[in-house]
Number of protein chains: 2
Amino acid sequence: MARMKGEQTTTERKPQRVTMETVGKIAGVSQVTVSRALSDPSKVSAKTLARIQDAIEATGFVPNGVAGALASNKSKLITALVPSLTNIVYSSMIQSFGRRMRDAGYQLLLSETGLDPREEDATIAAHLSRRPDAILLTGVHHSAQARRMVLAAGIPVVEIWEYSDTPIDMCVGFRHADTGHAAAEFAHRKGYARAATISAGDERARRRKAAFVDRLQALRPGAVPQIDFDTHATLARGREGLSQLLDGHGFDGGVIFCSSDILANGVLVEAQARGLRVPQDIAVIGFGDQDGAAHLEPPLTTIRVDREAFGRAAADILLDRFKTGEAAVPKVDLGFELIARGSA
Amino acid sequence: MARMKGEQTTTERKPQRVTMETVGKIAGVSQVTVSRALSDPSKVSAKTLARIQDAIEATGFVPNGVAGALASNKSKLITALVPSLTNIVYSSMIQSFGRRMRDAGYQLLLSETGLDPREEDATIAAHLSRRPDAILLTGVHHSAQARRMVLAAGIPVVEIWEYSDTPIDMCVGFRHADTGHAAAEFAHRKGYARAATISAGDERARRRKAAFVDRLQALRPGAVPQIDFDTHATLARGREGLSQLLDGHGFDGGVIFCSSDILANGVLVEAQARGLRVPQDIAVIGFGDQDGAAHLEPPLTTIRVDREAFGRAAADILLDRFKTGEAAVPKVDLGFELIARGSA
DNA sequence: ATGAAAGCGCTAACAT
DNA sequence: ATGTTAGCGCTTTCAT
């Protein structure tokens, strides 16, 4: 279609942005009054308010939060960093955290940091440039630079999913090593002759596993074969782990502590495929009590952590900090629970 | 601790925000030069650049992206709405989308909309107030108001996870009804005498199921018992679904089309618990080819959609639009594939 | 109850 | 290669 220089077709023309100025002009008031009508309607007379609301409807005005954030130095934005978006452990925490924050008028800027801790620093910097009102970090191990940056930002920092006596600011979590200890004590009480571990490639999973091995060997000496993957946990890795244990490590039965339920699920499947009885031949302890763990055959013995509660607690201490200026309980240890079901 | 009026303790004092002005003063240049050094270093002399970089290091300066966004009318922010953060279907799409966008310098503002479509409008408005450079929506069914708002924003809109000939702007997805048709044809070819469905409470799941029933009944008349949950899919619901079918609907064997793999997994578990053979007594077709589907016993026959590819494609057409000003291929149907494994 | 003025920290012309 | 001048669209005083 031919068109003349400088002319613009309808589809190409950028819609003229509607500002408070525009709305005010239509309603016959100044821009400031529109601002007030939106932020505190009680400060504006009823009839003015009505006219402003009409003008907003008519124009389809959407306030420019960027300008507002710049002027007020409040963004109503919370920044969150998680290792993985697809890992149910993190996504369910973020889900409950996000819901509560959203109810309080905040939105979530979310990024994945992956398994490599060094990736985190750049992401933190990028996030801070958005001038969030707070930042949520996963775990309590961060680089010196990361700590410096978030501290310099002068905003509340919540570390989630791991407890520390010395968080950057606030934290909500549990002690990962303790879960390994608890699993080891359970296995020992149950009298399993042999034990092994299967672990995914994240640092906290490794710590849980190491704690299991340490405690078990303290209770009763004996080798504990360990399969360590350097990837995320998947069901296939669980199957593979059991196979390696059985075929390559001379493991001929006993209890297996897995760093996550999905790995444990894989062990169950592989055991079934090989005609091994659970828990008589192979016993399995998982971690996470994820969806379906209780409904597997046999039901999975696992360590339960209330991820939703972590998210809610994180939101609560944050909102409290916003309100009071200081958090009453900045360090929260929500603990865990070993759930004995049929698999061990 | 007593302290004088107006005095501030160290811990209370908000860190003085470092601006480009500050950095420039230290480096002996103007604020604009600092801006240039950051956005296009080639425009600044080597020695100036070095001094500026020193000043940035020394001060720990983090650019204020809010101010930048306001001034340039570019936020480098992409807004995304998904029904659920914990559903692997959506999180894996978002993951691959987010990774590619992040590599291109964009960040993701992410919100959950839930199962209720009406919740979406308010969230869209909130997101648009951040002045994102583009918006990603799940599915192609949105309210008239939602369409109006995103259109008025004058930014690219990508609808993902569902194909439409008439998207708001661009779309990447597949035709959900076609998957039901394909499953029905497969079931018919395989000669299953009886069929049933189990579906979760989302609108697209319902459409897949309805398409299955329609096509199957077109191929060969006969009732198709349907279990419809109005919640998200879980393994427990899958077990429950099979139980209801068996105990309450007089379903005594045949093929079951599930609206997701997690439901199918539950059916498998319940069948195993009841000592039913799969696929001889109960055959199962899932949807999604989720992690582990191939490793279940028996491996799950399912419909595979390449969710990561959706995310990547969405990022690609968006980045292309940013670059060229118009997308060459705004509507992408990535299709699906029925994978016949052992369960049906 | 409403308005005028200043300014948040940048980027985008336009100089030089 | 660097600086000057204007805004971007709001919120925040301070007036009236």
Side-chain angles (χ1 to χ4, degrees), chain A residues 14-52 55-56 59-77 105 126 128-133 153-154, chain B residues 14-53 55-56 59-77 105 128-133 153-154:
Chain A
K14 274 227 164 172
Q16 175 57 51
R17 282 250 128 271
V18 181
T19 67
M20 287 185 177
E21 189 72 47
T22 325
V23 173
K25 217 157 270 172
I26 293 175
V29 295
S30 76
Q31 171 267 129
V32 220
T33 305
V34 178
S35 173
R36 274 194 279 256
L38 257 28
S39 59
D40 186 356
S42 74
K43 286 180 154 179
V44 171
S45 78
K47 50 214 70 169
T48 308
L49 195 56
R51 273 182 293 129
I52 291 177
I56 289 177
T59 54
F61 169 70
V62 175
N64 186 326
V66 176
L70 180 62
S72 68
N73 200 30
K74 286 191 195 83
S75 60
K76 286 280 175 181
L77 224 207
L128 291 180
S129 78
R130 305 278 176 191
R131 293 299 186 264
D133 288 342
Chain B
K14 274 229 163 173
Q16 176 55 51
R17 283 250 128 271
V18 181
T19 68
M20 286 184 177
E21 190 71 48
T22 325
V23 173
K25 216 158 272 172
I26 294 175
V29 294
S30 76
Q31 170 267 128
V32 216
T33 305
V34 178
S35 172
R36 275 195 278 256
L38 257 28
S39 60
D40 187 356
S42 74
K43 287 179 154 181
V44 171
S45 79
K47 51 214 68 168
T48 308
L49 195 58
R51 272 183 294 129
I52 291 177
Q53 251 142 13
I56 289 177
T59 54
F61 169 70
V62 176
N64 187 326
V66 175
L70 181 62
S72 67
N73 201 29
K74 286 190 195 84
S75 60
K76 286 279 175 181
L77 223 209
L128 291 179
S129 78
R130 305 278 176 192
R131 294 297 186 264
D133 289 342

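Lettering follows sequence order; numbering is per chain, from 1. Hydrogens, waters and symmetry mates play no part in the numbers below; they use all other heavy atoms, side chains included.
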key: Any B:T33 side-chain nitrogen or oxygen under 4.0 Å from OP1 or OP2 of D:dG3   = yes
request  = Heavy atoms only: give me the nearest A:R130-B:V66 pair and the separation to one decimal.
outcome  = O-CG2, 3.4 Å
Derivation and outcome, side-chain contact (heavy atoms from CB on, under 4.5 Å), residues A:R131 and A:L77 = CA-CA 8 Å; A:R131 293 299 186 264; A:L77 224 207; over 6 Å; no
note = Readout for nucleotides 7-16 of chain C: B = base within 4.0 Å of protein heavy atom, S = sugar-phosphate only, - = neither; 5' to 3' it is BBBBBB----
inquiry  = I'd like to check A:I52 versus A:T33 (side-chain heavy atoms, cut-off strictly below 4.5 Å). Are they in contact?
reply    = yes
inquiry  = Walk me through whether A:M20 and A:L38 qualify under side-chain contact (heavy atoms from CB on, under 4.5 Å).
reply    = CA-CA 10 Å; A:M20 287 185 177; A:L38 257 28; 4.0 Å; yes
note = Rounded to whole Å, NZ of A:K43 lies from P of D:dT11 at a distance of 11 Å
query = When the distance from CD1 of B:I52 to P of D:dA1 is rounded to whole Å, what number comes out?
reply = 13 Å
key: Stepwise side-chain contact (heavy atoms from CB on, under 4.5 Å) test for B:L70 and A:N64   = CA-CA 9 Å; B:L70 181 62; A:N64 186 326; 4.3 Å; yes
